[in-house]
There are 2 protein chains.
Amino acid sequence: MARTTGSDGEKTEAAVREAAVSLIARLGYEAMSMRQLAAEVGVQAAALYRYFPTKEDLLFTLMREHMEGLLKAWGAARPASADPVTRLAAYVENHIAFHIERRHATHVSNMELRSLSHERLTQILKMRTAYEKELRTILRDGAEAGVFQIDDTGLTAMALIQMMTGVIVWFRPGERLSIAEVTASYLSMTMRLVGATISHGTARPSGRARDAVAL
Amino acid sequence: MARTTGSDGEKTEAAVREAAVSLIARLGYEAMSMRQLAAEVGVQAAALYRYFPTKEDLLFTLMREHMEGLLKAWGAARPASADPVTRLAAYVENHIAFHIERRHATHVSNMELRSLSHERLTQILKMRTAYEKELRTILRDGAEAGVFQIDDTGLTAMALIQMMTGVIVWFRPGERLSIAEVTASYLSMTMRLVGATISHGTARPSGRARDAVAL
DNA sequence: GAATTAATTGAACGTTCGTTTTATTATGTC
DNA sequence: GACATAATAAAACGAACGTTCAATTAATTC
């Protein structure tokens, strides 16, 4: 009835995070109890409080690290090129790859915002806005350069992000489509949606998706 | 401490539904307590059980009627024409109008599915699938007729629905854009995304959104 | 106006919740 | 091997949860 043999704080904390993401994604934050989470980790509920002072702290930590990871991933994937088409393609590819890889965490970050305190909600939304702004900038640059035909930059950015993030709702790894096929299709749909004028000669304006993507 | 003057079952039930949609949309189903809901209606918690036997029954009723309303609305808006472009335009317009008008109910129907029992979840998903199938059929017909350039009908249908439904996340009535402007933009983006060949001479293939929509 | 039905209250039920406290044991250090 | 520290268990806290029940009053019916 105390410390167990082989117990290790770092490993336990990592196990708690992993189990929490999976449980919250499946049951929802409010519906998941600390006792359930503890049972999943193989520990008593009280032990969780060694790592996270409250349930909401746990949620916030998961969300903050998810958003930081997204911004960091885009920072690494962002191309040096100034060409809007290249930048948009990189954004789409990074977004889809990241979100498919972290389906559960994305679910949590998108669905459980209302369980955060006002202050913490603001923090998360700030990161999200920064990420979305990157896309708006690309779209605006492309529109000004005349390579995109866009009605409303803000509206188009939101539509694209909703469309891309929606992948996690229906995509299941190992089913009909591979990640590469899904990414190729979404890239093609994106380019068509923004009315991209193909500048690399790799695709025709009204060509099939495969053409527009196979670069 | 009993029946109150002027009390009326029908009015109370309607008030409960309305308050429930709004509260669940704002707080989430699990986070909303029956006492909170009762207070919003101006009644004691026990009174709710005269209208809905359990909390989950209440949720299910709201969702089922929302989905029935969506299918009914599409049934009324579905054009007689066989032209895929006309049908797709009607689908987009109906979808956006319906979802903007019922933002809160849509939020509930999309976010709280995991709180339903397996059997009831199946019922709701059946209706949702039937609604989505209508779009897939339009896309397939258009692709076969050669007026749409589509890679994967199922994937495109999901992408379009996610994109359109996403409107409720950011759209707020009375702000920058009107419902008509939003609908016009989404219609334009949709037609471009599916690579629609304009058959009415109302827009150029690579034209601005306004051109493609102003019919 | 008496009897019946509809609508609601107030109190209580047992359960579960997030969290705290205290005790206990394993591990690392000298 | 003594001692400090890290990691957990076990038990308990008050509060809140969904729900039930009996009592009570308003509206309706005859």
Side-chain angles (χ1 to χ4, degrees), chain A residues 1-24 26-63 108 112 114-120, chain B residues 1-24 26-63 108 112 114-117 120:
Chain A
M1 49 166 90
R3 178 164 189 172
T4 56
T5 66
S7 59
D8 177 335
E10 282 193 33
K11 287 181 184 170
T12 302
E13 179 171 351
V16 170
R17 287 165 190 258
E18 199 175 331
V21 168
S22 154
L23 270 183
I24 296 175
R26 188 161 75 244
L27 311 173
Y29 169 76
E30 295 282 353
M32 177 200 75
S33 77
M34 294 300 268
R35 285 171 179 84
Q36 249 179 311
L37 173 58
E40 192 83 4
V41 176
V43 102
Q44 291 298 314
L48 302 175
Y49 289 82
R50 171 165 253 275
Y51 307 100
F52 302 96
T54 69
K55 192 185 178 189
E56 197 213 315
D57 277 284
L58 168 57
L59 176 64
F60 177 65
T61 300
L62 298 177
M63 286 187 172
V108 173
E112 308 294 351
R114 58 188 163 201
S115 294
L116 292 179
S117 70
H118 180 74
E119 189 204 3
R120 289 175 156 175
Chain B
M1 47 168 90
R3 178 164 189 174
T4 56
T5 67
S7 60
D8 177 335
E10 281 192 32
K11 286 181 184 171
T12 303
E13 180 170 349
V16 169
R17 286 164 191 258
E18 199 176 330
V21 167
S22 154
L23 270 182
I24 296 175
R26 187 160 78 245
L27 311 173
Y29 169 76
E30 296 281 353
M32 177 201 74
S33 76
M34 293 301 267
R35 285 171 179 83
Q36 251 180 308
L37 173 57
E40 192 82 5
V41 176
V43 103
Q44 291 298 314
L48 303 175
Y49 289 83
R50 170 164 253 274
Y51 307 100
F52 302 97
T54 70
K55 193 186 179 188
E56 197 214 315
D57 277 284
L58 169 57
L59 176 65
F60 177 64
T61 300
L62 297 177
M63 287 187 170
V108 172
E112 308 295 351
R114 59 190 163 201
S115 294
L116 292 179
S117 70
R120 289 175 157 176

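These numbers were taken from a predicted model, which means no experiment stands behind them. So that the names make sense, note that chain A is the first sequence line, chain B the second, and so on, each numbered from 1.
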Candidate pair Val108(A) and Tyr29(A), rule side-chain contact (heavy atoms from CB on, under 4.5 Å), full reasoning: CA-CA 8 Å; Val108(A) 173; Tyr29(A) 169 76; over 6 Å; no

Rounded distance (Å) that lies between atom P of dC17(D) and atom CG of Leu37(B): 12 Å

To the nearest Å, give me how far apart CD (Glu30(B)) and C1' (dG18(D)) are. 11 Å

Within less than 4.0 Å of OP1 or OP2 of dA27(D), is there a side-chain N or O belonging to Thr5(B)? no

Just compare dT24(C), dA12(D), dT8(C) and give me whichever is closest to any side-chain atom of Arg35(A). dA12(D)

Regarding the side chain of Arg3(B), the nearest nucleotide among dG18(D), dG18(C), dA6(C) is dA6(C)

Using a heavy-atom cut-off of 4.0 Å across all strands, would you classify Tyr51(B) as base, sugar-phosphate, or nothing? sugar-phosphate

Pick the closest DNA chain D nucleotide for Thr4(B) and for Lys55(B) by heavy atoms, then say which residue is nearer the 5' end. Lys55(B)

Arg50(B) side-chain proximity, nearest of dA12(C), dG18(C), dT8(C): dT8(C)

Looking only at dA6(C), dT19(D), dA9(D), the nucleotide nearest the Val43(A) side chain is dA9(D)

Does Glu56(B) have more than 12 heavy atoms from other residues, nucleotides or ligands lying within 6.0 Å of its CD? yes

Over how many whole Å does the gap from Met34(A) atom CE to dT8(D) atom C1' extend? 15 Å

Under 4.5 Å between any side-chain heavy atoms of Thr54(B) and Met34(B), yes or no? no

Can you measure Tyr49(A) atom OH to dA11(D) atom C1' for me and round it to whole angstrom units? 15 Å

Among dT24(D), dT9(C), dT19(C), the one nearest any side-chain atom of Ala45(A) is dT19(C)

If we only count heavy atoms from C-beta on, is the Leu58(B) to Leu37(B) side-chain gap below 4.5 Å? yes

If I take atom CG in residue Leu48(B) and atom C1' in nucleotide dG10(C), what distance separates them, rounded to the nearest angstrom? 14 Å

Whole-Å distance separating the CG atom of Leu58(A) from the P atom of dT19(C): 10 Å

Per atom distances to the Gln44(B) side chain, the nearest of dT9(C), dG18(C), dG18(D) is dT9(C)

On DNA chain D, does the nearest nucleotide to Tyr29(B) precede the nearest nucleotide to Ala46(A) from the 5' side, or the other way round? Give the residue. Ala46(A)

Please report the distance, rounded to the nearest Å, between CZ in Phe52(B) and P in dA7(C). 14 Å

What is the separation between atom CD on Gln36(B) and atom C1' on dA15(D), rounded to the nearest whole Å? 14 Å

Should Val41(A) and Lys11(A) count as side-chain neighbours, where that means a heavy-atom distance under 4.5 Å? no

